[in-house]
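A quick write-up on the structure given underneath.
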Amino acid sequence: MSRQSIQLNEQVYNYLLSVSLREPQILKECRDDTANHPMARMQIAPEQGQFISFLIKLLNVKKALEVGVFTGYSSLAIAMSLPKDGHLDACDNDAEVTRVAQKYWNKAKVSKKISLHIGFAIETLDKLLKENQDNTYDFAFIDAHKPEYIDYYERVLRLIRPGGLIMVDNVLWSGSPADKNIQDEDTVAIRNFNEQIKNDDRVMISMLPVADGITLILKN
Ligand code: CA
């Protein structure tokens, strides 16, 4: 038996999806719609969306936060799993791409649960802090501009309640943080972020090789 996580070749990955993915039709539509977008690789994997939905239910999340909306796949997965009186604050600086997201929020009848904040996420998070919303969020998903990960994280950590969960996406960034020869801005940012979180005693962590790598961060 191997001590390592299994390598997912295409056959095994397709098998994983075939025996576990229960993707609602509306999420599939959103994913198919995004497949032709030039930045389609920014969309999360469907099994990751299902994992987010699972966590929302498991943790009884009522108040959620998302940094980086793109075409709305993850926000849709979150909002559809929130209770009727649940709420998601969704941050993105791209008014055009989030119009696609809004289309699917409307279609899925979850728009009422979502506040879209267009602008720089750091400013939006600072605004939420100024409104005394610190220690109130149950769940947050960070998946936006990689060089700002640590700045998002510090703010999100204040907004999350003790015992709340933060999921950070792309922490393995196609494997490049592991290769010291790769020094582009995004890779360095993710490498530094991972090292800082490793030593952050305010939280518990678990990094999972799901999709492009995710870190689950539980606030003490
Ligand atoms: Ca991502």
Side-chain angles (χ1 to χ4, degrees), residues 5 8 13 16-17 21 23 27-28 30-56 64-81 88-94 96-102 104-105 114 116-118 120-122 124-125 139-153 155-157 160 165-179 182 184-194 196-197 205-217:
S5 296
L8 291 188
Y13 179 60
L16 179 153
L17 295 181
L21 187 65
E23 189 177 35
L27 279 170
K28 185 168 186 323
C30 176
R31 186 154 63 90
D32 291 344
D33 196 345
T34 307
N36 298 320
H37 191 280
M39 301 290 278
R41 67 179 288 266
M42 282 172 64
Q43 179 161 259
I44 64 163
E47 71 279 17
Q48 187 181 352
Q50 186 167 313
F51 184 44
I52 291 174
S53 300
F54 187 100
L55 291 173
I56 298 289
L65 178 62
E66 180 177 66
V67 182
V69 174
F70 190 47
T71 55
Y73 191 93
S74 48
S75 54
L76 201 51
I78 293 169
M80 287 169 71
S81 304
L88 169 66
D89 281 298
C91 312
D92 204 290
N93 65 355
D94 191 332
E96 198 183 314
V97 87
T98 49
R99 263 196 284 276
V100 179
Q102 286 172 295
Y104 287 99
W105 298 345
I114 305 174
L116 177 63
H117 303 268
I118 295 289
F120 291 108
I122 289 174
T124 302
L125 298 172
F139 176 83
F141 181 50
I142 298 178
D143 184 17
H145 190 45
K146 309 311 170 200
E148 291 176 342
Y149 260 26
I150 201 73
D151 300 307
Y152 302 143
Y153 169 73
R155 288 160 175 81
V156 169
L157 188 61
I160 278 278
L165 186 72
I166 305 170
M167 179 190 283
V168 183
D169 197 31
N170 301 107
V171 291
L172 291 175
W173 203 233
S174 305
S176 44
D179 182 345
I182 303 178
D184 64 274
E185 190 186 17
D186 288 343
T187 300
V188 170
I190 290 172
R191 187 182 290 134
N192 290 342
F193 175 79
N194 288 338
Q196 284 198 43
I197 302 308
I205 60 168
S206 182
M207 185 188 277
L208 304 175
V210 173
D212 196 26
I214 56 178
T215 298
L216 298 179
I217 302 172

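All ligand and atom numbering here is 1-based and tracks the order in the structure. Values below: every heavy atom of this structure, side chains too, minus hydrogens, waters and symmetry copies.
Judged by distance alone, with hydrogens and angles left aside, the side-chain atoms of Y149 form a donor-acceptor pair with the main-chain N or O of D169 at under 3.5 Å.
Its N, O or S atom nearest to the Ca ion (ligand 1) is what matters here, and for D143 that atom is OD1. Summary: OD2 is the N/O/S atom of D169 found nearest to the Ca ion (ligand 1).
For a distance bound of 3.0 Å, the N, O or S atoms of M42 include none lying that close to the Ca ion (ligand 1). At a cut-off of 3.0 Å, D212 does not coordinate the Ca ion (ligand 1) through any N, O or S atom.
Each of I114, V69, L116 was scored for a side-chain contact (heavy atoms from CB on, under 4.5 Å) with L88, with one residue passing: I114.
The side-chain heavy atoms of E23 and R31, taken from C-beta on, include a pair separated by under 4.5 Å.
Within 6.0 Å of CZ in F54 there are 12 or fewer heavy atoms belonging to other residues, nucleotides or ligands.
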